[in-house]
2 protein chains.
Amino acid sequence: MKTIEELLESKGIRVTAMRLLIYKFLTEKQVAVRLSDIENAFDKADRTTLYRTIKTFEEKDIVHQIDDGTGITKYALCENGCTCEIETDLHLHFHCNNCNETVCLTEHKIPQIKVPDGFVSENVNLVVKGICDKCSGQ
Amino acid sequence: MKTIEELLESKGIRVTAMRLLIYKFLTEKQVAVRLSDIENAFDKADRTTLYRTIKTFEEKDIVHQIDDGTGITKYALCENGCTCEIETDLHLHFHCNNCNETVCLTEHKIPQIKVPDGFVSENVNLVVKGICDKCSGQ
DNA sequence: CAATAAATGCACTTCCTTTGCATTGATTAT
DNA sequence: ATAATCAATGCAAAGGAAGTGCATTTATTG
Ligand SMILES: [Mn+2]
Ligand SMILES: [Mn+2]
Ligand SMILES: [Zn+2]
Ligand SMILES: [Zn+2]
């Protein structure tokens, strides 16, 4: 079990107070977060720093971006050892139409999708929308 | 074979010059278009009119919105007789990472996606990214 | 032709994302 | 230890797309 410091260093980025805080915030959240969510959590920090931090995390495969159709990009921590490769790491995302939250269903890999001749599939974005487990009352 | 005029009337919206032009533009394009694409095609027309026209088309199931992950919403004509119902009309979309164009693969319906217990699926957005037939040189 | 309703055009707003540049803080070389 | 170098942060401003209010034009109806 790596510490956060060790993880950041292993990804080749420097350990700073802000990065530790944001990483910790992401681990505690069980859902994908928008930049404004992080802003609200750290209202003393500058928005630009948060933005650049999350972009750095994204480049280093620490978080992945999620486009759930709300028009606002969200971010969530990658699984341990994730390299954001298609075969192994691509999972589906669920967006709740009731609470408006989006979660990673990391154990649900995306099925093979057939495309017509001449098309080459490199990547798949799959978002299921509906009612989440918390909101379905079960 | 309906004329465009007949089609618009059958959907319960009035025939105007602008609507005819935009509809014609959409039929000629074989790909999903952004609002700015329409703007560029009709630079004498006001952006708001184009915006409201496409929104009217959307309400009347003449076009459907596509979220291909580029952050910009695109629109494409619905199939003949489409009611934008999940079961029958939901197809997958292909976004080319090379030419940046997005096409409807209307004959490719979205497979049934399993979600965990407690989750209720109402809708699915599936976008495959890769290289399109034109760009794959085949 | 007059009254009414819809469509269009212009201006403005909001929200999110991104960038430039100065400043602060940390790392490395002398 | 000090200076030089580079990365991280903070502040300001820009950009892009989506949406709204209201006046004006155009079409429809009585
Ligand atoms: Mn995810
Ligand atoms: Mn389509
Ligand atoms: Zn929910
Ligand atoms: Zn292409």
Side-chain angles (χ1 to χ4, degrees), chain A residues 4-25 32-60 62-76 95 100-102, chain B residues 4-25 32-60 62-76 95 100-102:
Chain A
I4 304 181
E5 283 90 342
E6 286 168 338
L7 179 114
L8 293 181
E9 279 169 358
S10 75
K11 294 283 188 176
I13 66 172
R14 293 188 182 163
V15 177
T16 70
M18 207 66 246
R19 288 174 178 167
L20 288 173
L21 283 172
I22 294 178
Y23 190 95
K24 193 156 169 294
F25 175 73
V33 299
R34 316 186 296 176
L35 206 58
S36 60
D37 294 328
I38 309 181
E39 271 182 74
N40 294 338
F42 305 97
D43 47 353
K44 15 185 174 180
D46 186 74
R47 197 165 37 84
T48 314
T49 305
L50 305 176
Y51 171 75
R52 287 179 173 141
T53 300
I54 209 81
K55 284 295 169 190
T56 302
F57 281 4
E58 196 185 354
E59 280 171 17
K60 302 295 181 180
I62 295 170
V63 303
H64 59 281
Q65 192 170 329
I66 301 165
D67 174 18
D68 62 8
T70 56
I72 298 161
T73 50
K74 296 182 180 174
Y75 302 89
H95 176 76
N100 219 35
E101 290 192 334
T102 298
Chain B
I4 303 179
E5 283 90 343
E6 287 169 338
L7 179 114
L8 293 182
E9 279 168 358
S10 76
K11 294 283 189 176
I13 65 172
R14 294 188 180 164
V15 177
T16 70
M18 206 65 247
R19 287 174 179 168
L20 288 172
L21 283 171
I22 294 178
Y23 190 95
K24 193 157 169 295
F25 176 74
V33 300
R34 317 186 294 177
L35 207 57
S36 61
D37 293 329
I38 309 180
E39 270 183 72
N40 294 337
F42 305 97
D43 45 354
K44 12 185 176 181
D46 186 73
R47 196 174 44 82
T48 314
T49 305
L50 305 176
Y51 171 74
R52 286 178 175 142
T53 300
I54 208 79
K55 285 295 169 191
T56 302
F57 282 4
E58 196 185 353
E59 280 170 17
K60 301 296 182 180
I62 295 171
V63 302
H64 60 279
Q65 192 170 330
I66 300 166
D67 173 20
D68 63 7
T70 56
I72 299 161
T73 51
K74 295 182 178 173
Y75 302 90
H95 176 77
N100 219 35
E101 290 191 335
T102 299

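Every heavy atom of this structure was used, including side-chain atoms; hydrogens, water molecules and symmetry mates were not. By convention in this document, chain letters (A, B, ...) are assigned in the order of the sequence lines, proteins followed by strands, and residues within each chain are numbered from 1. If you're wondering where the values come from, they're calculated on a predicted model, not measured in any experiment.
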- Query: So do B:Ile4 and B:Arg19 actually touch side chain to side chain, heavy atoms under 4.5 Å?
  - Reply: no
(request) Decide yes or no for B:Ile62 and B:Leu8: does some side-chain heavy atom of the first lie under 4.5 Å from some side-chain heavy atom of the second? (result) yes
Min and max contacting nt of DNA chain D in 5' to 3' order, chain A heavy atoms within under 4.0 angstrom, are D:dA7 to D:dA13
- prompt: Is any side-chain heavy atom of B:Ile13 less than 4.5 Å from a side-chain heavy atom of B:Phe57?
  reply: yes
Of all heavy-atom pairs linking A:Thr49 and A:Met18, the shortest is CG2-CG, 3.9 Å
Among the nucleotides C:dA7, C:dG20, C:dG9, whichever has the atom closest to the side chain of B:Arg19 is C:dA7
Between CG of B:Leu20 and P of C:dA7 the distance, given in whole Å, is 13 Å
Got B:Asp67 and B:Lys74 here, is their nearest side-chain heavy-atom distance under 4.5 Å?
no
Counting primed atoms, P, OP1 and OP2 as sugar-phosphate and everything else as base, the B/S/- map of nucleotides 11-18 of chain C against protein heavy atoms under 4.0 Å is BB---SBB
Here the pair of heavy atoms bringing B:Ile54 nearest to B:Val63 is O-CG2, 3.9 Å
Closest non-hydrogen contact found for A:Tyr75 with A:Thr73 is OH-OG1, 3.8 Å
With distance as the sole test, does B:Asp37 use its side chain to make a donor-acceptor pair with the main-chain N or O of B:Arg34 at under 3.5 Å? yes
